[in-house]
Structures are given as C-alpha cells and as structure tokens.
Amino acid sequence: MRIASWNVNSVRTRVDRVVAWLERTGTDVLAIQETKARDDQFPYLAFEAAGYEVEHLGSNQWNGVAIASRVGFDDVVRHFPGQPAFGDPAVLEPRAIGATCGGVRVWSLYVPNGRELDHPHYAYKLDWLARLRDQAEAWLADDPAAQICLMGDWNVAPLDTDVWDPAVFAGKTHVSAAERDAFAAFGAAGYTEMTREILPAENTYTYWDYQQLAFPRNKGLRIDFAYASPALRERVTGAVIDRDERKGKGASDHVPIVLDLAD
DNA sequence: ATGACATCGTATCGATGA
C-alpha cells in the first residue's frame with residue numbers, strides 16, 4: 001500500500017494535477033491540506049471518477065483538510081479530541097481529519113503557521129502541537145499495535161539544515177526552539193518520522209516559496225512530515241519526497257511526501 | 001532544468017501563507 005500527504009494550496013485550482021498524480025503514482029491514500037474550500041465546493045467528482053472516495057473538512061477559503069482513499073474509510077473523525085480553537089470568537093479551524101483506510105489510521109494535519117513569535121497565533125500553534133501530542137500518546141496507549149500515521153504540513157523546520165539559509169530565519173517562526181521541541185515530542189511519545197528516517201540527506205525540502213525563483217535556486221524548507229507509530233514503522237519499506245511536483249505551471253508550493261508499506 | 005508570488009472572496013485590494 002502507498003500512502004501520501006500533500007499541501008495542495010487550493011484543491012479546486014489543483015484538482016487535475018492532484019488526481020493525475022494519484023493515478024500516475026498508484027497512491028492508495030492521500031492526506032490533503034489547504035483545500036481552501038467549503039465541503040460543498042470540494043471537487044468530489046474528479047476524485048470519484050479516478051476511484052477515490054474523499055472525506056473533507058473545510059469551512060471557507062482558509063485551511064481545510066481531506067483524505068482521499070481508494071481502500072475505503074472507517075471511523076472518520078473531524079478535528080482531533082482536545083484540538084484548540086483560535087480567534088475571537090474562538091473557532092475550531094479545519095486543520096485535522098482522521099480516518100482508518102486499509103487498516104492504517106491516517107491523520108491529515110495542517111499545523112497553524114504561527115505568523116510571528118509575539119503573535120497569538122504562535123501560542124496557538126504551540127498549544128495545538130502539545131494537545132495533538134497528548135492525543136497521539138493516548139492513541140498509542142489505547143492500542144500499542146495500532147498503525148497510525150500523523151502526516152501533513154507541520155509548519156516546523158526541525159533542523160537548521162531544513163531551511164535554505166538559517167540566518168534568514170533567525171527570530172522567525174518554524175525554527176524556534178519551542179516549535180522544534182513541540183515537534184520532537186512526538187518522537188518521545190513513541191512515533192518515528194519516517195521521511196527523515198529514510199531520506200536523511202540535508203537540504204531536502206518539501207516547500208519552496210513562489211517568490212524570487214525560490215525553487216530553481218533551491219531555497220526551500222522541509223516542513224512536511226509523516227510520523228508513524230511503532231507498528232506502522234515496521235511496515236514502511238520506502239519514502240519519497242516528490243520534488244518533481246514543484247515543477248511547471250500550476251504547481252503547489254509544497255510537494256507530496258510518500259510512504260510505501262509492505263502488504 | 002524547475003523560472004521571476006499565489007490563493008480566496010465579492011475584489012479591483014486585503015488577508016494569509018512561510
């Protein structure tokens with residue numbers, strides 16, 4: 001089985017490219033982030049025509065997460081238990097959807113950006129990660145044999161070599177010690193980030209800004225990851241960061257990350 | 001090569017992204 005995650009930056013704009021990628025790569029389950037659509041705007045038909053069912057959680061033009069599966073759905077959950085809200089009035093944003101697909105518990109996650117270190121969005125980001133970690137630990141405690149994958153856009157660059165120039169990011173979000181600690185806490189909770197495990201090369205990026213020729217100049221960030229529970233880790237036979245998907249007109253600014261699982 | 005910011009709304013710019 002092949003599972004993947006991709007921040008598509010608007011599913012309506014990218015639907016042809018995303019469905020073509022699913023079919024071409026033989027991906028069975030795709031966790032999608034930044035759909036930027038309400039449920040009634042999601043292009044379900046294009047996915048269904050290719051053999052994929054979709055479960056979506058969206059509200060407006062911001063955020064939005066989904067899972068596309070051609071191996072079925074069980075136990076779909078929108079928002080993770082304890083997920084923090086943001087704003088005044090506080091709103092539970094569409095940033096997490098979970099489902100069991102082909103025996104794997106997949107969570108499609110869009111971690112808050114944080115904006116600036118002194119912005120309320122940054123505290124929200126840290127709280128969001130801490131509460132997700134608590135849940136992830138509880139899920140594993142409930143069933144140590146569970147095959148769980150926490151995949152998505154984490155908006156954290158865990159290592160200095162995950163940013164094209166650490167000096168440029170000094171004092172900014174994504175690289176702070178608190179964010180890196182919050183990310184690493186999932187490892188302490190028993191999960192292994194599989195793309196790093198299999199693709200440890202430095203300066204391997206998953207995101208390149210649209211501006212200033214960032215992609216041709218390889219000025220990128222590594223912020224998309226897939227944490228696997230111990231039982232799932234045992235099944236992972238390979239990982240891919242599909243850098244080619246950043247090429248050409250109409251690309252998302254993120255590329256897919258892929259895990260191959262033994263049958 | 002891969003190319004000079006993109007997305008959405010109700011819009012002719014602002015908010016958001018990272």
Side-chain angles (χ1 to χ4, degrees), chain A residues 5-18 20-21 24 32-43 56-66 86-88 91 93-95 108-126 128-129 152-180 182-183 203-225 240-257:
Chain A
S5 176
W6 194 359
N7 179 324
V8 300
N9 185 22
S10 171
V11 71
R12 285 174 285 170
T13 296
R14 219 76 63 203
V15 57
D16 292 345
R17 194 165 177 145
V18 172
W21 182 87
R24 188 172 74 251
I32 303 170
Q33 300 88 40
E34 279 211 86
T35 60
K36 294 185 172 179
R38 299 186 305 268
D39 288 341
D40 64 284
Q41 295 174 314
F42 195 98
H56 178 242
L57 172 63
S59 59
N60 54 20
Q61 71 267 47
W62 307 122
N63 314 305
V65 287
F86 181 73
D88 185 17
V91 172
E93 297 177 317
R95 295 180 176 275
S108 179
L109 305 168
Y110 180 44
V111 177
N113 170 290
R115 299 182 187 169
E116 308 292 339
L117 296 181
D118 59 357
H119 194 286
H121 210 258
Y122 178 73
Y124 167 53
K125 178 181 194 174
L126 294 179
W128 205 95
L129 283 167
D153 175 0
W154 291 75
N155 271 322
V156 178
L159 306 177
D160 279 347
T161 50
D162 294 331
V163 301
W164 59 274
D165 183 357
V168 170
F169 288 85
K172 298 190 187 306
T173 61
H174 295 61
V175 300
S176 71
E179 287 164 279
R180 287 174 169 175
F183 183 83
N203 309 111
T204 299
Y205 305 130
T206 64
Y207 161 90
W208 297 260
D209 199 283
Y210 286 120
Q211 300 182 58
Q212 299 176 314
L213 290 172
F215 182 55
R217 291 173 176 160
N218 200 30
K219 295 182 171 181
L221 302 174
R222 187 171 189 166
I223 53 177
D224 297 89
F225 300 101
V240 174
I241 294 173
D242 195 350
R243 194 177 182 282
D244 286 347
E245 270 303 314
R246 186 62 180 80
K247 298 177 182 178
K249 198 170 177 63
S252 170
D253 42 5
H254 294 250
V255 295
I257 61 171

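Lettering follows sequence order; numbering is per chain, from 1.
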Using only side-chain N and O atoms of [X], determine if any of them is under 4.0 Å from OP1 or OP2 of [N].
X: Ser10(A); N: dC8(B); result: yes
X: Asn9(A); N: dA6(B); result: no
X: Tyr110(A); N: dA18(B); result: yes
X: Arg14(A); N: dT7(B); result: yes
X: His254(A); N: dA18(B); result: yes
X: Arg115(A); N: dG17(B); result: yes
X: Gln212(A); N: dA18(B); result: no

Please give the distance between the [atom1] atoms of [N] and [M] as a whole number of Å.
N: dA15(B); M: dT10(B); atom1: C1'; result: 14 Å
N: dA4(B); M: dC8(B); atom1: C1'; result: 23 Å
N: dC5(B); M: dA1(B); atom1: P; result: 22 Å

Quick one: [X] [atom1] to [N] [atom2], roughly how many Å, whole number?
X: Asn218(A); N: dG3(B); atom1: CG; atom2: C1'; value: 14 Å
X: Lys219(A); N: dT2(B); atom1: NZ; atom2: P; value: 20 Å
X: Asn60(A); N: dG17(B); atom1: CG; atom2: P; value: 12 Å
X: Glu93(A); N: dC8(B); atom1: CD; atom2: C1'; value: 15 Å
X: Phe86(A); N: dT16(B); atom1: CZ; atom2: P; value: 9 Å
X: Gln41(A); N: dT7(B); atom1: CD; atom2: P; value: 15 Å
X: Phe215(A); N: dA4(B); atom1: CZ; atom2: P; value: 12 Å
X: Asn63(A); N: dT7(B); atom1: CG; atom2: P; value: 17 Å

Next item on the list: State, without any angle test, whether Glu93(A) and Ser59(A) hold a side-chain donor-acceptor pair at a distance under 3.5 Å.
Entry: no
Side chain of [X]: nearest nucleotide among [options]?
X: Arg12(A); options: dG9(B), dA18(B), dG3(B); result: dG9(B)
X: Lys247(A); options: dG17(B), dC8(B), dT2(B); result: dT2(B)
X: Arg38(A); options: dA6(B), dG9(B), dT16(B); result: dG9(B)
X: Arg95(A); options: dG9(B), dT16(B), dG17(B); result: dG17(B)

Check: Would Glu245(A) and Arg14(A) pass as an ion pair if we require N to O under 4.0 Å?
Finding: no
Margin query: Could you check whether Arg180(A) pairs with Asp160(A) (Lys NZ or Arg NE/NH1/NH2 to Asp/Glu carboxylate O, under 4.0 Å)?
Written below: yes
Contact class for [X] vs. all strands (heavy atom < 4.0 Å): base, sugar-phosphate, or nothing?
X: Leu213(A); result: base
X: Arg217(A); result: nothing
X: Tyr205(A); result: nothing
X: Gln33(A); result: nothing
X: Gln61(A); result: sugar-phosphate
X: Asp153(A); result: sugar-phosphate
X: Gly114(A); result: nothing
X: Asp244(A); result: nothing

Item checked: Geometric class of the Phe86(A)/His121(A) ring pair [parallel <30°, tilted 30-60°, perpendicular >60°] -> perpendicular
Notebook entry, point to check: How are the rings of Tyr207(A) and His254(A) set relative to one another: parallel (under 30°), tilted (30 to 60°) or perpendicular (over 60°)?
Noted result: tilted
Check: Strictly under 6.0 Å, is that where the ring centroids of His119(A) and Tyr122(A) end up?
Finding: no
Check: Which residue, Asn7(A) or Lys36(A), contacts DNA chain B at a nucleotide closer to its 5' end, judged by nearest heavy atom?
Finding: Lys36(A)
Item checked: Residue mapping more 5' on DNA chain B - nearest nucleotide basis, Trp62(A) or Leu221(A) -> Trp62(A)
Next item on the list: For Thr173(A) and Gly114(A), indicate whether the former's side chain and the latter's backbone hold a donor-acceptor pair under 3.5 Å.
Entry: no
